[in-house]
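These notes concern the structure reproduced below.
All chains are named by letter (A, B, ...) in the order of the sequence lines, taking the proteins before the strands, and each is independently numbered beginning at 1.
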2 protein chains.
Amino acid sequence: MSYVHLFRRYLREQGLPVTQQREAVAEVVFESGGHLSVDEIEGLLRERGEKTGKATVYRTMEMLVKSGLVAERDFGEGFKRYEHLFGQMPVHGHLICEECGGVTEIQEVELKRIQDRVAALEGFAPARYRLEIFGLCAVCRAAGHELEWKGLSCPIERV
Amino acid sequence: MSYVHLFRRYLREQGLPVTQQREAVAEVVFESGGHLSVDEIEGLLRERGEKTGKATVYRTMEMLVKSGLVAERDFGEGFKRYEHLFGQMPVHGHLICEECGGVTEIQEVELKRIQDRVAALEGFAPARYRLEIFGLCAVCRAAGHELEWKGLSCPIERV
DNA sequence: CACCTATGGAGAATGATTCTCAATATCTAA
DNA sequence: TTAGATATTGAGAATCATTCTCCATAGGTG
């Protein structure tokens, strides 16, 4: 709710109009704790009686990402997901299970330190981070599933 | 070239036929040092006189990724890119400039250690890693470009 | 060498994302 | 508060990467 203020501030700083639709999209995203797809955001807007078009949702999500308040994710589903970054480590990643599709957050302080150091070495000014680790979650391992490439003794480690 | 052997081995281990097309795609990918799009791979195959269909390229890339010999990347262009992992750190990421689109490799030993530790905490068996940092490269910074969200004093660090 | 099965290819189908453009909302200044 | 300049919105078309379909064909086994 009040996080929407920050987005409004961002829009004004950029000289962009603060519209009802942009506020509505931001509210829905900031009120949700999960990883939202554009479809889900549209659904939440519809529930609230908002009639925001799909194109507007896409356009607004782009601004939210640029503002740094929201991060874009790709869990390999063929479409993007979005999550706001409040109450999260500034740099956090995801463990994605290739068997069940489950997603676990990784909150790791060290990551930001290391990533910033690497970026600094190159004279690079970092804005957004994205870390995803694909593999098998504990539940699926316990259920007897195995990684598909397990059979090949990994040559990469040895080169 | 000889890396194609490893792919053949993978296919046999999985009980999958080793076809001309699969070998041709693997050769093209292993001979290239860059980040290839499917379009570019198709082009390279055409140059070599191969008549490999687009669907086959996609299917083969999926296998190469599952084999662990090739990694899938998304630099925010709207399509995927692929790179083989030989001669690279097993866990490496990319610095992606939002201004010029330039991509710089990050070879950072610590990353794998940290990421493995985090994964282990959750009982997760990692298979593939993906790390991307978006921002401004040194060249674009020197040229006077600025990050688009710079105006908003970042609230995330403070929460 | 022949059979069985999985693959390959062409193009259609899918589906996320982007674009178009007329109608409308926002912001600024008086 | 209003007028006017400007940017946004929305519906649907357009784009474009990726996946699917189906049958002719190649690969692997004995």
Against the side chain of B:Pro17, the closest entry in C:dA6, D:dA11, D:dT9 is C:dA6

Whichever of B:Gly78 and A:Lys51 has the more 5' nearest nucleotide on DNA chain D, that residue is A:Lys51

Taken to the nearest whole Å, CD/A:Glu77 to P/D:dT19 is 14 Å

Next on the checklist: Looking at C:dT17, I'd like to know if its phosphate oxygens (OP1 or OP2) sit under 4.0 Å from a side-chain N or O belonging to A:Tyr58.
Outcome noted: yes

Rounded to whole Å, the CG-P distance (B:Leu11 to D:dG27) equals 13 Å

Rounded to whole Å, NZ of B:Lys54 lies from C1' of D:dC16 at a distance of 9 Å

In whole angstroms, the gap separating P of D:dA17 from CG of B:Asp74 amounts to 13 Å

Checking C:dT7, D:dT18, C:dG9 against the side chain of B:Gln21 (C-beta onward), the nearest is C:dG9

Looking only at C:dT17, C:dT7, D:dG28, the nucleotide nearest the B:Val18 side chain is D:dG28

Between CG of A:Leu16 and P of C:dT28 the distance, given in whole Å, is 12 Å

From CZ of A:Phe75 across to C1' of C:dA16 the rounded distance in Å is 17 Å

Do A:Tyr10 and A:Val18 pass the side-chain contact (heavy atoms from CB on, under 4.5 Å) test, and can you show the C-alpha distance, the side-chain angles, and the key distance before you say yes or no? CA-CA 10 Å; A:Tyr10 170 78; A:Val18 177; over 6 Å; no

Does the ring centre of A:His94 sit less than 6.0 Å away from the ring centre of A:Phe75? yes

With the side chain defined as heavy atoms from C-beta on, B:Thr19 is closest, among D:dG27, C:dC19, D:dC20, to D:dG27

(request) Over 60° means perpendicular and under 30° means parallel, so classify the ring planes of A:His84 and A:Phe86, tilted if in between. (result) tilted

Among D:dT18, C:dG9, D:dT9, the one nearest any side-chain atom of B:Phe79 is D:dT18

A:His92 and A:Gln107: side chain donor to acceptor below 3.5 Å
no

Minimal heavy-atom distance between B:Ile133 and A:Pro126, with the atoms involved, is CG2-CB, 3.6 Å

Per atom distances to the A:Ala55 side chain, the nearest of C:dT17, D:dA11, C:dG9 is D:dA11

Checking D:dT21, D:dT18, C:dT17 against the side chain of B:Arg59 (C-beta onward), the nearest is D:dT21

Taken to the nearest whole Å, CG/B:Leu36 to P/D:dA17 is 15 Å

B:Glu42 CD to D:dA17 P, in whole Å, measures 10 Å

Which of D:dG10, D:dG27, D:dC20 is nearest the side chain of B:Gln20? It is D:dG27

